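Contents: one structure, followed by commentary.
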Amino acid sequence: MTRADPALSFEALTMEFPGVRALDQVSFGVRGGSIHALMGENGAGKSTLLKILSGAYHPTAGSLRHGGVSKRFTSTAEALRAGVAVIYQELHLVPEMTVAENLFLGRFPRHLGFLDRGTLRKEAELLLRRVGQDISPDTRVGRLSLAQRQMVEIAKALGRGARTMAFDEPTSSLSARETGRLFEIIRELRDQGTAILYVTHRMEEVYDLCDAATVLRDGKHVVTHEVLTGVTRDALVKSMVGRELTNVYHYRPRPHAPGGLEVRGLFGPGLRVPVTFAVARGEIVGFFGLVGAGRTELLRLLCGVVPPVSGEVRIHGTTLVVDSPRAAICAGLVFCPEDRKKEGIIGVRSVAENINLSARREHLRAGAFIDSGWETRNAATQIERLGVRTASADTLIGLLSGGNQQKAILARWLSEPVRVLVLDEPTRGIDVGAKSEIYGLIHDLAAAGTSVVMVSSELPEVLGIADRVYVMREGLVSAELSRPKATPEAVMRAALPAGAAV
Amino acid sequence: MIFRSVSSSSRLVRIWDSAGMLLVLAGLFLVCSLFVDNFLTVTNLRGLALAVATIGMVACTMMFCLAAGDFDLSVGSIVAFGGVLGATVMNATGSVTLGVAAALVSGALIGFFNGVVVARLGVNALITTLASMQVVRGLGFIVSDGRAVGVRTDAFFALGNTAWLGVPVPVWLTAACFVIFGGLLNQTVFGRDTLAIGGNKEAAHLAGVPVIRVKITLFTLQGLVAAFAGLVLAARMTSGQPNTSQGLELEVISACVLGGVSLSGGVARIGAVIAGVLIMGLVQNAMNLMNIAPFYQYVARGCILLGAVLLDRLKQRG
């Protein structure tokens with residue numbers, strides 16, 4: 001047959017955020033009745049594309065064609081009405097309500113103005129049967145397994161007449177059996193003519209499930225394979241990571257001295273085996289892994305956020321009892337969390353207060369009183385040093401851009417001497433200019449003798465900045481690579497789940 | 001550092017932010033002085049100040065609770081219990097010191113208990129203090145057998161019924177609370193930590209703020225101050241009354257909210273809280289002078305509170 005017009009196509013789609021171009025002239029199409037893989041590293045633009053598809057973002061330029069018509073969704077509800085459903089990793093169901101109620105949320109069947117429970121139940125059962133589930137429509141969603149909830153979400157989309165569906169790494173928390181069932185359903189949907197966009201990191205899934213594949217990198221369209229036969233895994237990986245590392249990372253070799261941070265047999269929730277590693281003074285060590293590899297969990301154990309089950313942490317030769325972030329901070333080990341909004345900033349307080357929050361170890365008058373002169377000077381110094389763009393030190397930090405919030409949080413740790421700096425995704429959601437400044441700062445700190453541990457899911461970032469790379473996969477450290485050996489291919493190979501090896 | 005130009009509208013917002021309630025207070029005071037007979041007399045103003053003394057003292061620590069994102073409904077009961085217990089112990093031992101000490105220690109213990117349950121056991125503050133509110137009210141009735149306990153030691157009345165420089169002692173004590181807790185909020189690590197916890201508990205914890213310790217401390221302070229306010233009130237009434245101060249907790253929270261303290265935590269200013277307390281007292285005083293029936297006063301107070309909160313919302317949106 002001649003290739004039909006794609007059911008869904010993106011035409012020169014561009015999405016700009018202040019300082020970042022998340023998508024740059026991306027064009028490709030997804031045919032009806034096919035499963036189209038969307039691949040790329042974190043930050044390649046996949047999520048942005050999905051968000052445009054679901055109506056959460058509005059593209060800066062370019063367009064989205066669905067069923068041959070140019071569309072511009074202004075809300076998720078509108079996208080759903082047009083037959084486009086995006087199924088995210090975090091599912092959007094109300095756990096306190098029943099399956100049936102969730103399926104018909106916002107469009108309950110009514111009879112004379114009253115909720116028609118009979119019809120609700122019957123229609124819910126029909127929908128559940130379409131996704132092969134024999135759960136009772138009266139079960140509360142909160143009691144279902146994640147895989148079942150995903151099915152409910154798919155049924156919900158079907159109930160709204162979705163002709164195009166996008167999945168965002170749907171198997172990341174599913175068992176092999178559950179994955180198999182999900183694939184069956186997705187294939188059935190395809191055979192019924194649904195156009196499916198499938199975001200994944202896993203090579204095996206691409207070859208197992210998908211008919212076509214598109215690779216994005218740095219917000220640009222790299223390649224679309226309409227047919228996957230003859231396309232090797234190596235070729236796909238290369239198109240995902242292949243790029244020139246430029247000097248935005250400010251990398252320069254530094255002398256290392258032993259005895260910075262030593263971690264022996266650290267074990268706790270989120271890890272599969274105890275982890276042992278060391279970071280010398282003045283060394284920058286990167287931890288790379290895909291989402292769910294256990295990187296964040298490891299950092300949380302290290303910094304006392306989650307109490308470890310076992311293991312020993314030594315800083316400059318002294319064993320440290322990490323039972324709280326406070327204890328870690330007092331020992332000179334500080335942690336910059338991943339979720340800035342939830343765990344980093346105190347949005348309703350000023351930039352100055354946020355900067356000075358932890359700078360209390362050495363700068364107190366009489367132990368309890370704040371030295372406000374010192375605090376004012378320190379805030380001004382740090383704002384200047386890190387180039388925080390703010391109207392004044394008294395501006396509420398919640399009003400700043402993400403990059404400037406991140407710089408202010410870093411400043412929180414730089415006001416007093418730090419021995420070990422632990423960063424979880426320090427440049428997430430930050431524009432390129434601010435990223436480069438933050439890399440420069442990390443290098444300066446390392447040059448001054450700080451041991452730096454940085455977790456990132458952006459491969460180029462890890463390779464660009466780290467002296468040594470530990471790769472994590474499924475709750476364990478799968479490789480340790482020195483800078484010369486840490487090629488993108490080698491790191492990716494160690495990071496991909498077992499059985500998906502390139 | 002790059003400074004953005006501050007637009008005139010945001011400058012207005014900032015002025016309103018820092019002095020809004022003081023302006024409202026000044027305006028109200030002016031209006032009452034001009035139009036309400038007998039308002040601007042020494043006797044009336046002294047009465048007004050005395051009337052807000054209890055609310056004022058308790059509002060100081062309530063401000064801390066709210067700033068940390070919690071609140072405490074047990075304060076009214078602690079005020080009554082503190083007075084009753086103090087009076088009973090004084091009558092039994094003949095010692096003012098012992099009576100005062102017993103009331104303060106038990107108030108602090110109740111607060112400490114609230115703090116432990118809320119902060120360490122993680123029970124919602126509303127539920128916890130709703131429970132202790134009833135328990136403590138009951139304890140007050142048990143200690144006094146449901147009757148007012150007349151104090152027989154005259155020395156105790158100095159706390160309530162004497163004046164210094166023409167200003168009643170309870171008013172001085174309230175002013176002292178404002179100064180102490182204002183300083184605690186603005187000048188100490190404890191104050192900053194409290195605001196940080198209310199602003200973002202998780203971030204504060206990760207930044208090394210001892211969240212649990214701070215919360216327990218501020219609930220303990222709350223109990224201590226409420227018991228102290230109860231003693232002062234008992235001294236004024238020359239007896240400990242188990243029935244007193246029912247609903248005080250809501251008046252105190254109203255005054256704090258009127259003073260711009262955010263119920264979701266993280267935002268509090270002592271100046272605005274003082275203004276909130278005075279506005280509540282002033283409106284009530286003016287209504288009394290104008291012989292407005294108490295039934296209508298409830299309606300008026302509710303409307304004022306709602307108006308203040310709506311104004312706050314508008315400000316946030318604008």
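The structure presented is a predicted model; accordingly, all values stated were derived computationally and were not measured. Numbered from 1 within each chain, the chains take letters A, B, ... in sequence-line order.
For chain B, no part of A:I409 is nearby; none of its heavy atoms comes within less than 4.5 Å.
Distance check: A:R300 CZ to B:L206 CG gives 6.0 Å after rounding to the nearest 0.5 Å. In this structure, CZ in A:F369 is found 11.5 Å from CG in B:N186, a value given to the nearest 0.5 Å. Here B:Q187 contributes atom CD and A:D371 contributes atom CG; the two are 10.5 Å apart, rounded to the nearest 0.5 Å. Separation of atoms CG (B:L195) and CG (A:L357) is listed at 10.5 Å; rounding is to 0.5 Å.
Between B:A207 and A:S358, the shortest heavy-atom distance links the atoms O-OG, 2.7 Å. Nearest heavy atoms, A:R326 versus B:P210: NH1-CD, 3.2 Å. Here the shortest heavy-atom pairing between A:G344 and B:A203 reads O-CB, 3.3 Å.
Put simply, of B:G198, B:A196, B:G191, the one with the most heavy-atom pairs under 4.5 Å next to chain A is B:A196.
Under the 3.5 Å distance criterion, the side-chain polar atoms of B:N200 are left unmatched by any main-chain donor or acceptor of A:G347.
For CZ of B:F181, the number of neighbouring non-hydrogen atoms (other residues, nucleotides, ligands) closer than 6.0 Å is greater than 12. Atom CZ of A:F277 has more than 12 neighbouring heavy atoms from other residues, nucleotides or ligands inside a 6.0 Å radius.
A salt bridge links B:R192 with A:E375: the distance from a Lys NZ or Arg NE/NH1/NH2 to an Asp or Glu carboxylate oxygen falls below 4.0 Å.
Contact annotation: the side chain of A:I370 never approaches that of B:T188 to less than 4.5 Å [non-hydrogen atoms, C-beta and beyond].
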